Amino acid sequence: MSGDDVAILGVGMHPWGKWGRDFTEYGMVAARAALADAGLAWTDIQHVAGAETIRNGYPGFVAGSTFAQKLGWTGVTVSSSYAACASGAQALQAARANILAGFCDVALVIGADTTPKGFFAPVGGERRDDPDWLRFHLLGATNPVYFALAARRRMDLWGATAEDFAMVKVKNARHGLANPNARYRKEVAIEEVVSSPIVSDPLRLLDICATSDGAAALVVTSADFARRHLGSLDGVARVRAVSTATPTYPQTFLELPDFATDSHAVVAPPALGFKASVVHRAYEEAGIGPDDVDLAEVYDLSTAMELDWYEHLGLCAVGGAEELLRSGATALGGRVPVNASGGLASFGEAIPAQAIAQVCELTWQVRGQASGRQVEGARVGVTANQGLFGHGSSVVVGI
Amino acid sequence: MSDSGGDRAAATGPAEPAIDGWFTLGGPGADGGPRLIGSQCGACGTYAFPPRNGACPNPSCDSDTLEPVEFSATGTLWSFAENHYAPPPPYVAADPFEPYALAAVELEREGMVVLGQAARGVRAADLRVGMSMRLGVDVLFTDDDGVDRLIWVWEPVGGEGR
């Protein structure tokens, strides 16, 4: 473990589901589980890094301090991060920066969500200066529309089929069967996916992830603290990289919630597109490449999007994701299992908790504690995730 | 205007754009069709859509002046989708809801992809990535005052089919 590494001493989750309860209840369960896993008390925590969402109230309410108060004021310092679906990774980065700067030794990273039924919709009111509001009003461009645009390109450019997309769902559903935190724990057949109702053509209901309630938390510490607390760093998972890169101009792939891409009329597109660049920066910081990765947790907002991530992660060449999937390489037992947790297909998305949940899974995997879904010999894992407005993240966890 | 039938067809009463300053309605004449209105930087020449004021999006350009510019009316289909469920408000959905397609079209001169609804009656089955598309205008919804609110749409050029 190098001096730049931050130790992950504890991980915890509240199972994903749909109950509509106060999101702080879920957060408390996750926090207490992470503290118990670390063998630490709440009063040992020096900093709380909260991951925010817009859905449970105004930013000051859905914040690090919300959880600090819920756990009982101790004078702990707090930070609060909003980065859409990448909020959890930004919260981890805030905690990590505090630790590496020497401002604290022990931090709690936490995200929790309660989601409404149906399509995500923009914040209410008539807000004609908000592109997120306007894309719904003027186009009816829901999130699945953007997933569908990306999926259609895979079909028309690379020959992807509805059955390929369905195979991703079948794989992830199988992975999630034994995961006690997954919302859906049921095998799914290809025929069920391809006969489910079309939501946004070419994607069907079972191609698109649900929205869920859930919470995830991490206890992260300096290497010195971990060594003092445990006597040794053997078998301790660590954060080897956190990337929260934004796009480089011009961003030439149409991403939600945009009406248009940037222009490449004057400035040539960068060598790496946005999502590949997010992952690349994490690889660079960790000093690894795609061949060093034992498993990946990626944001399968849709089945087709998981295939895009194979390419952004460098697991195959652009246009090669369908072949990689069909080969079985990304299933448990394959060369580089993707979404061993079951992914969003088995969880549904709980926005501020999701990027943290990805790190929880990698931690369990590199510790060899992922019962029923363990990737044999896992030592290095990578996450990938993307949200609205140019937010994205990638975290490398190693042991 | 699209000439397709149905209760959401071309405007017959008063009509106004659903949003000001993002597209022209066009008029008579050989090249009088509707156009998207974007922005162009007078210094570096890059483009932006939706139209905006202020800083040029090019990080290497320090211009603070963007000028309105009419975009190309034709381009190449980058991708498309088709909604089979009514989007939530603030979308004003037809009742009963009819599935409709959306098209993202790449404009060569501007070096951009611009999303829009497909013209009324154009369905996903009619579309294919790479085909030629042209800008049109259609009715998005009729507001509480009986005014047809108009929106830009993309339609295949010259009856090209899948």
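Given the structure is predicted, the values throughout are model-derived calculations rather than measurements. Chain identifiers are assigned alphabetically (A, B, ...) following the order of the sequence lines, protein sequences preceding nucleic acid strands; residue numbering begins at 1 within each chain.
Put simply, the side chain of A:P144 does not reach to within 4.5 Å of the side chain of B:Y85, judged on heavy atoms.
To the nearest 0.5 Å, the span separating OG on B:S79 from CG on A:D156 amounts to 7.0 Å. B:L115 contributes atom CG, which lies 11.0 Å from atom CG of A:L256 (distance to the nearest 0.5 angstrom). The OG1 atom of A:T252 lies 11.5 Å from the CE atom of B:M112; values are rounded to the nearest 0.5 Å. The distance from atom NE2 of B:H84 to atom CG of A:L205, rounded to the nearest 0.5 Å, is 13.0 Å.
Only the side chain of A:L157 comes within less than 4.5 Å of a heavy atom of chain B; its backbone N, CA, C and O stay farther away. With a threshold of 4.5 angstrom between heavy atoms, A:F147 does not approach chain B through any atom at all. No part of B:A48 comes within reach of chain A, as not one of its non-hydrogen atoms sits under 4.5 angstrom from that chain. Contact of B:R149 with chain A is not made at all, since no heavy-atom distance falls under 4.5 Å. With a 4.5 Å cut-off on non-hydrogen atoms, B:E106 touches chain A through its side chain but not through its backbone. For a residue to count as touching a neighbouring chain, one of its non-hydrogen atoms must lie under 4.5 Å from one of that chain's; by this rule B:P99 does not touch chain A. Only the side chain of A:V267 comes within contact range of chain B, judged by heavy atoms closer than 4.5 Å.
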Donor-acceptor contacts, no H, no angles, side chain residues 134-141 of chain A, under 3.5 Å, sequence neighbours left out:
residue, atom, partner, partner atom, Å
A:R135, NE, A:D132, OD1, 2.9
A:R135, NH1, A:A141, O, 3.0
A:R135, NH1, A:N143, OD1, 2.9
A:R135, NH2, A:D132, OD1, 2.7
A:R135, NH2, A:N143, OD1, 3.0
A:H137, ND1, B:P90, O, 2.8
A:H137, NE2, A:R128, NH2, 3.4

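Annotation for A:E163: atom CD counts as buried by contact number, over 12 foreign heavy atoms lying within 6.0 Å. Within a 6.0 Å sphere centred on CD of A:E285, other residues, nucleotides and ligands contribute more than 12 heavy atoms. Remark: A:R281 CZ is loosely packed, at most 12 non-hydrogen atoms of other residues, nucleotides or ligands lying under 6.0 Å away.
In this model, a donor atom of one side chain and an acceptor atom of the other lie less than 3.5 Å apart for A:Y249 and B:T46.
Comparing A:E126, A:R127, A:R153 by how many heavy-atom pairs each has under 4.5 Å with chain B, the most go to A:R153. Ranked by heavy-atom pairs under 4.5 Å with chain A, the first of B:V114, B:N58, B:L102, B:I19 is B:N58. The residue among B:A104, B:C61, B:C44, B:A101 with the most heavy atom pairs within less than 4.5 Å of chain A is B:C44.
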For this session: Under the ring pair (Phe, Tyr, Trp, His ring centres under 6.0 Å) rule, what do B:W78 and A:F253 come out as? Steps first, then yes or no, please.
Result: CA-CA 10 Å; B:W78 181 83; A:F253 196 94; 4.9 Å; yes

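Between the side chain of B:N83 and the backbone N or O of A:S200, no donor-acceptor pair lies under 3.5 Å. For the pair A:S263 (side chain) and B:E110 (backbone), a donor-acceptor distance under 3.5 Å is present.
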